[in-house]
Each structure stands twice: as C-alpha cells, then as structure tokens.
Number of protein chains: 4
Amino acid sequence: MKAKISDPRQRLLDTATELFYNQGYRATGINQVIREAGVARASLYLHFASKEALLIAFLQYRHQYWFDALKTWTEKTAKPKEQIMAAFDFLHDINEKEHFRGCAFLNILSEMTDKDAAVLQVIQEHKKDLRAYLGHILVKEKQALKDQVYLLFEAAMIESQLYRHQWPVQEARKAVSGLL
Amino acid sequence: MKAKISDPRQRLLDTATELFYNQGYRATGINQVIREAGVARASLYLHFASKEALLIAFLQYRHQYWFDALKTWTEKTAKPKEQIMAAFDFLHDINEKEHFRGCAFLNILSEMTDKDAAVLQVIQEHKKDLRAYLGHILVKEKQALKDQVYLLFEAAMIESQLYRHQWPVQEARKAVSGLL
Amino acid sequence: MKAKISDPRQRLLDTATELFYNQGYRATGINQVIREAGVARASLYLHFASKEALLIAFLQYRHQYWFDALKTWTEKTAKPKEQIMAAFDFLHDINEKEHFRGCAFLNILSEMTDKDAAVLQVIQEHKKDLRAYLGHILVKEKQALKDQVYLLFEAAMIESQLYRHQWPVQEARKAVSGLL
Amino acid sequence: MKAKISDPRQRLLDTATELFYNQGYRATGINQVIREAGVARASLYLHFASKEALLIAFLQYRHQYWFDALKTWTEKTAKPKEQIMAAFDFLHDINEKEHFRGCAFLNILSEMTDKDAAVLQVIQEHKKDLRAYLGHILVKEKQALKDQVYLLFEAAMIESQLYRHQWPVQEARKAVSGLL
DNA sequence: AATGAATGAGCATTCATTCAT
DNA sequence: TATGAATGAATGCTCATTCAT
C-alpha cells in the first residue's frame with residue numbers, strides 16, 4: 001500500500017523543500033507554500049505545528065536525501081582516497097543539478113540566531129554527521145588531516161555557491177588529493 | 001567638515017549594519033530600522049531608494065570596516081607567513097567580539113537568489129578583494145596554494161559560526177601554518 | 001444507569017462549562033474545548049449540532065447546577081427572611097469559590113445580540129426562574145418589594161464581579177435586611 | 001481650524017464604538033472595523049497600537065460621552081432627589097435610543113478576565129466615577145443609602161438589557177423614590 | 001458511536017513604499 | 001532636508017464546520 005499520490009503532508013514537505021532551499025526561509029511565505037502544494041491553509045497546521053516546525057521537518061528530510069545521495073557516490077569504490085574524491089565529485093554534480101544554490105543547512109544557518117536553538121541543533125547535527133562520515137572514511141589518518149579535508153569540503157560548497165562556479169570544488173579536490 | 005552627531009543617514013547605516021548583520025536581511029523590518037535609528041520613515045527613503053539600496057550601502061560600509069580591521073592585524077608584521085597567521089588571529093578576535101555571527105557577506109548571500117544581481121555583485125567583489133589580498137601577501141607562492149589558504153580562511157569563518165566555537169579557526173590556522 | 005467515567009458528551013459539557021464561564025463564549029475556541037475534553041473534533045459535532053448548541057447545553061446545565069446550589073443554602077431554614085439572607089450568603093460563597101467571575105448568564109448575555117434568540121431565551125428563562133423563586137419565598141410581600149430584592153440580588157452579583165470584592169454583596173444584603 | 005471631515009482616527013473610534021458596543025469586542029473583527037470606517041488596515045495600527053488599545057480608547061471615549069449625556073439630564077434641576085430621578089429617566093431614554101444594549105462597560109467586563117488588567121481598570125474607573133457622582137448628589141445621605149441607590153441604578157441598566165424591557169428601570173426608580 | 005483529515009474564511013498584525021506638507 | 005499620515009498586500013496562524021472511514 002503506497003502513499004496516496006495526493007498525500008498533503010508529503011506535498012507540503014516537497015514544496016517547502018524546494019522553496020526554503022531556493023529562496024530562503026524568511027523569503028518564503030506560508031501562502032506560497034500552500035498555494036504551490038495545492039493544500040488548504042489549515043491543513044498545513046494540521047501536519048506541522050508552525051512554520052518553524054515545517055522548517056525543521058524540511059531539514060531532516062533534506063538530511064536524509066543528501067546523505068543518501070552522497071553515499072551513492074562514495075560507495076562506488078572501497079578505497080578511502082577514491083571515496084573522498086567521489087565526495088567532491090558529488091558536490092560538482094549537485095552544483096550543476098541545483099544551480100549552485102549551495103548547502104541548504106548553511107543557508108538556513110545564516111537566517112538563524114541563538115534564539116532559534118531547535119533549528120540550530122538540527123543543522124549542527126547534520127554537519128557533525130558529515131564530519132564523522134568523512135572521518136570514518138579517513139579512519140587511519142590523523143585528526144588534523146581529517147579536519148582539513150572537512151573544512152575544504154565545506155569551503156568548496158559555499159564558495160561555489162558564491163561564485164556560481166565549479167572552481168572552488170576543483171581546487172579543494174586538488175588540494176585534498178595532494179594531502180592524501 | 002564633520003558629520004553631525006545626529007546625521008540621519010549615518011544613523012540609518014549604523015542601525016542597518018547592526019540589524020542586518022545580527023538578525024538577517026529579511027528578518028529585519030524597515031520599522032525596526034527607523035525606530036532604532038530614531039529617524040522618520042520617509043527620511044529613510046530620502047537617503048536610500050529602497051530597502052535593497054540600504055542593504056547594498058550596508059555591505060559597502062561593512063566591506064570598508066572589515067578590511068580596515070583585517071589590515072590592522074596583518075600589518076603588524078612584514079613577513080608573509082606571519083601576516084597570514086595574523087589574519088586567522090583576526091578571525092579569532094571578531095568571533096569573540098561579534099559572538100560568532102560569522103561573515104556578513106556569506107550570511108546575506110544565503111538570502112539572495114540570482115535575481116538579486118546587484119547585491120550578489122557587491123558580495124562577490126568583497127570576496128574577490130579578500131582573495132586578491134591574501135594572494136598578494138602570498139605573491140611568491142603557487143596559485144593552488146593561495147587558493148587553499150583562501151578556502152581554509154573561508155571555512156574557518158563559516159564553521160566557527162556554525163559550531164559557535166573557535167576550533168575551526170584553530171584547525172585552519174594550523175593547516176595553513178603547515179602549508180607555508 | 002450510570003454515566004461512563006469517560007462519557008464524551010459529559011466531558012465536553014464539563015469542559016465547555018469551565019471555559020465558557022471563565023473566558024467567555026467567543027474567546028473560547030472549539031479547539032481548546034476538544035483538547036481539554038480529550039475528545040475528537042467530530043465527536044463534538046456528534047453530540048452537539050454546533051458551537052451554539054453546546055453553549056445552550058452549558059447554560060441549561062449551569063442552570064440546574066446553580067439552582068441546586070442556591071437551594072442548598074436557602075433550605076437550611078424555613079423563615080422567609082432568613083432564606084433571603086441565605087441567598088446572599090450563597091453569593092458570597094460562590095464569589096470566593098469562583099473567583100468573582102460573576103453570573104454565567106449575564107456574562108453570556110453581554111456577548112449576544114437580538115439575532116441570538118435561542119440563547120437569549122435560555123438566559124431569560126433562568127432569570128425569570130430566579131425572580132419567581134425569590135418571589136415565592138416572599139409570597140406575602142408586595143410585588144414592588146419582591147422586585148427590589150431581586151434587583152439588589154442581581155446588582156450584588158455583577159458589582160462584586162466588577163470590583164472583585166464582596167462589598168456589593170454585603171451592602172445589598174444589608175439593604176434587603178432593612179426592607180424585610 | 002476644525003478636525004477634517006475624514007479624520008481617520010475619529011472614524012475608527014466612531015466605528016469601534018458602534019461595533020464593540022453593539023456586537024461585543026471579540027465578535028468584532030478588525031476587518032469589519034476598517035471596512036466600515038473606510039480606512040486602510042495599516043492606518044488603524046498607525047493610530048492604535050493594537051485591538052486592545054482601540055478598545056481602551058473606545059471605553060474612554062464612551063465614558064466621556066455617557067457622562068456628558070447623564071449630566072445633561074441631571075443638571076435640569078438642582079434638587080438632589082429630582083436629580084436622581086432624572087438619572088433614571090436618562091436610563092429610560094438611552095434604552096430606547098440604543099435598543100436595550102445595556103451598559104457598554106459591563107458588557108465589555110463580561111468578556112475580560114484578570115489578565116486584561118488595563119481594560120478592567122478603565123471599566124472600574126468608570127463605575128467608581130458613577131458611584132462618586134451619585135454619592136455627590138446625595139452628599140447629605142448615609143453611605144448605605146448611597147450604595148443602595150447605586151446598586152439599583154446598576155441593576156436597572158443590566159436587567160432592562162436582559163428583558164429588553166423598561167420595567168426594571170421603572171421599578172428601580174420607584175424603589176429609589178421611596179428611599180429618598 | 002467515534003475519529004483523524006481536510007477545508008475556506010477569517011483572525012490580528014506587519015510589510016515596504018508613497019505622498020502631502 | 002525632513003516628516004507624520006496613509007496605504008494595499010502580505011504575514012503566520014486559528015476559526016467553526018464537514019467528510020470519509
């Protein structure tokens with residue numbers, strides 16, 4: 001028994017994913033979300049307690065989606081160095097597919113302050129998971145090197161968003177290749 | 001020719017600087033700006049064509065301020081490597097002073113899309129200037145190394161914002177120290 | 001034939017009683033009623049045709065409850081004057097117990113207009129019953145005096161609500177005592 | 001220089017007066033107020049900080065209006081007893097003119113709870129002023145009698161609203177007449 | 001009898017901008 | 001140069017009610 005094609009909750013999540021990611025959290029009004037999801041206003045609040053709750057649901061959804069996509073790339077090989085290279089290739093790929101919109105988590109981070117603790121935590125968890133994932137691949141390397149790889153990976157994401165160009169991914173990839 | 005202590009334009013710019021930086025562009029309403037600046041609503045539109053124009057003025061103002069502060073640190077020494085180290089110390093310092101609010105330009109970047117071309121350009125110019133400045137200090141090094149330093153510098157900024165912690169600055173600094 | 005401890009209808013009525021009385025009819029949303037009653041939304045409409053029907057049920061329920069409580073006080077004695085005095089003591093008592101929330105019927109009256117005829121009628125019936133009850137105790141007195149007692153009784157209720165204080169009950173009681 | 005015929009603040013106040021009085025505070029939406037006042041939505045918030053602020057302004061406005069009207073009646077004579085009788089005649093008159101809508105202050109009171117302290121205070125002040133005014137007319141009488149007159153006056157208002165009939169005014173008037 | 005999902009209309013409030021003075 | 005008044009559109013959210021199960 002599959003989910004109904006018109007499952008409102010999923011449609012809201014899909015729409016929020018697209019809008020929050022592409023235009024930002026505050027620039028996206030609840031009106032636009034429900035209009036594009038084809039759902040009644042109150043139905044949103046039936047499934048999500050607030051706009052912030054929808055944001056958190058989006059981040060968790062995106063977390064799953066993003067990691068699945070990353071692993072699809074890294075698991076093509078078993079060698080650590082090649083896996084890390086594949087991770088940068090993955091960045092290259094989503095830059096193309098998502099038009100250099102950058103990291104959903106870092107983008108949302110910019111809109112949050114210390115009082116948005118619940119959101120901050122989801123973002124931090126995501127990044128901790130990424131750092132742990134890269135660290136796990138590089139299990140035999142020193143911590144300093146693991147961190148360097150992680151930082152270059154992060155920089156590659158945000159700088160390619162900034163310049164709307166792949167060069168930061170390529171430069172970071174080259175640098176990491178030299179380190180391993 | 002001094003600026004009046006109650007110069008409305010400057011007060012608006014100061015207030016916008018604080019608010020746009022600390023709570024974000026869209027989260028900051030024109031009401032709050034004029035209230036905290038102690039200026040009449042229409043006076044804002046006398047000095048700035050629109051909210052976006054105020055944003056751009058803020059970014060340009062911040063650009064000047066930020067570079068001046070950076071240079072105050074780097075110009076304490078003449079040796080390239082020490083200058084780069086000083087740049088990271090500068091990051092450490094503003095993280096403390098500005099409570100890990102990160103890079104004003106990257107934060108605003110996250111709220112912009114391709115249709116905000118004018119804003120994007122100011123942000124890109126700022127980062128190009130930074131990249132050129134670091135590149136100029138490392139004039140004798142290869143381009144790949146210059147880029148690596150720049151990317152680690154950027155990563156240090158955004159990751160310390162993310163974790164509300166100095167470790168990314170320290171790790172990036174160490175890594176750069178090893179490269180030079 | 002006992003009512004089940006979890007009888008939804010009774011729980012709705014109890015909850016509506018508390019909320020309509022303490023915060024008013026319009027200030028009380030159906031959401032709050034079903035949440036605090038622990039009942040499904042549609043169950044409310046199974047037992048009551050509309051929010052107004054629930055209001056009327058509440059008023060009728062309250063009518064019964066209130067008169068029972070009044071009679072518990074007045075029936076402690078057989079002498080008419082003492083019975084009237086007991087009625088004022090009853091007011092004093094519920095003011096304490098219900099924190100000066102006043103008369104449920106007069107409160108709801110304030111929220112109603114001529115088009116809420118069904119509700120108005122229940123309220124008027126209640127007051128007519130009260131007037132008749134006091135009149136019955138004072139059966140040997142003239143109509144004008146009966147009315148004066150009734151009016152002072154009513155004033156005692158609403159004015160103690162207004163001032164959050166017992167003095168209107170005490171003054172009215174004294175005045176009535178002098179009249180009889 | 002007179003107030004402009006289209007003074008928005010006054011139009012809002014007039015409209016709020018009519019609507020809050022005739023249909024109640026919570027039953028009256030901001031939409032209806034601005035529509036009937038012929039004023040833009042944001043203009044309301046230019047002149048009044050919130051709906052509650054508008055309510056308080058209405059109560060203060062009504063206070064002035066009501067007392068002026070009362071005094072117009074009582075000042076027709078100089079004799080205390082006749083002044084009190086005139087006060088009851090005033091009640092009779094506004095019952096006709098305002099279709100038994102009762103006392104604006106007691107009606108709003110019914111919609112308020114202890115947390116609406118600011119509103120409660122305005123209502124209590126109004127009633128204290130009324131009590132003082134009647135007390136001042138009856139300056140030579142004992143306090144108990146003053147209170148009795150006040151209570152009967154209050155009862156006359158609310159009971160004629162309840163029954164949509166003048167009899168409570170007439171009975172209270174007769175009772176007071178007998179007391180003086 | 002009982003329920004969770006869904007809805008369109010409405011809530012109070014704030015938005016960025018313009019205008020007359 | 002400076003301002004208070006005014007505005008239409010949008011904000012996030014809740015309303016009372018109905019429906020399919």
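Excluded from the calculations below are hydrogen atoms, water molecules and symmetry mates; all remaining heavy atoms, backbone and side chain alike, are included. Proteins come first, then strands; the chains are lettered A, B, ... in the order of their sequence lines, and each starts at number 1.
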(message) Looking at every heavy atom in both A:Ala40 and A:Ile34, which two are closest together, and how far apart are they?
(response) O-CG2, 4.3 Å

(request) Assign each of B:Leu44 and C:Gly29 to its nearest nucleotide of DNA chain F by heavy atoms, then name whichever residue's nucleotide is nearer the 5' end. (result) B:Leu44

(message) Taking pairing as Watson-Crick or G-U wobble with both contacts under 3.5 Å, can you name the mate of E:dA12, or confirm there isn't one?
(response) F:dT11

(message) Tell me whether the NZ or CZ atom of B:Lys51 lies within the 45° cone about the ring axis of B:Tyr25 and under 6.0 Å from its centre.
(response) yes

(message) With nearest nucleotide decided by heavy atoms, which residue, D:Thr28 or B:Ala49, maps closer to the 5′ end of DNA chain E?
(response) D:Thr28

(request) Choose from F:dC15, F:dG8, E:dT3 the nucleotide whose nearest atom is closest to any side-chain atom of A:Ala42. (result) F:dC15

(request) May I ask you to check whether D:Gln32 and D:Glu36 show a side-chain donor-acceptor distance below 3.5 Å? (result) yes

(request) Please check the phosphate of F:dT1 (OP1 and OP2 only) for any side-chain N or O of B:His47 closer than 4.0 Å. (result) no

(message) Between A:Tyr45 and F:dT14, is there a contact of a side-chain N or O with OP1 or OP2 at under 4.0 Å?
(response) no

(message) Looking only at the side chains, is there a donor atom on one of C:Glu111 and C:Asn107 sitting less than 3.5 Å from an acceptor on the other?
(response) no

(request) Decide, yes or no, whether a salt bridge links B:Glu98 with B:Arg62 under the criterion of side-chain N to carboxylate O below 4.0 Å. (result) yes

(request) Round to a whole Å and report the spacing from CG of A:Leu46 to P of E:dA6. (result) 6 Å

(request) Using both distances under 3.5 Å as the test, list the Watson-Crick or G-U wobble partner of F:dA2, or none. (result) E:dT21

(request) Take atom CZ of A:Phe48 and atom P of E:dA5, then tell me their distance rounded to the nearest Å. (result) 12 Å

(request) Could you check how far NZ of C:Lys51 sits from P of F:dT17, rounded to whole Å? (result) 8 Å

(message) From CD of D:Glu52 over to P of E:dC11, roughly how many Å is that when rounded to an integer?
(response) 18 Å

(request) Figure out the CD1/C1' separation between B:Ile30 and F:dT11, and round it to whole Å. (result) 16 Å

(message) Considering every strand and a 4.0 Å limit on heavy-atom distances, what is the contact class for A:Asn31: base, sugar-phosphate, or nothing?
(response) base

(message) Measure CD1/C:Ile34 against C1'/F:dT17 and give the value in whole Å, please.
(response) 11 Å

(request) Using atom CG of B:Leu54 as one end and atom P of E:dC15 as the other, report the distance to the nearest whole Å. (result) 15 Å

(message) Here's a test of your reading of the structure: between B:Arg35 and A:Gly38, which maps to the more 5' nucleotide of DNA chain E?
(response) A:Gly38

(request) Please state how far atom OH in C:Tyr25 lies from atom P in F:dC15, giving the value in whole angstrom units. (result) 13 Å

(message) Is it the case that E:dT14 (base atoms only) and D:Arg41 (side chain only) share a donor and an acceptor within less than 3.5 Å, ignoring hydrogens and angles?
(response) no

(message) Side-chain N or O of D:Ser43 versus OP1/OP2 of F:dT7: is the shortest distance under 4.0 Å?
(response) yes

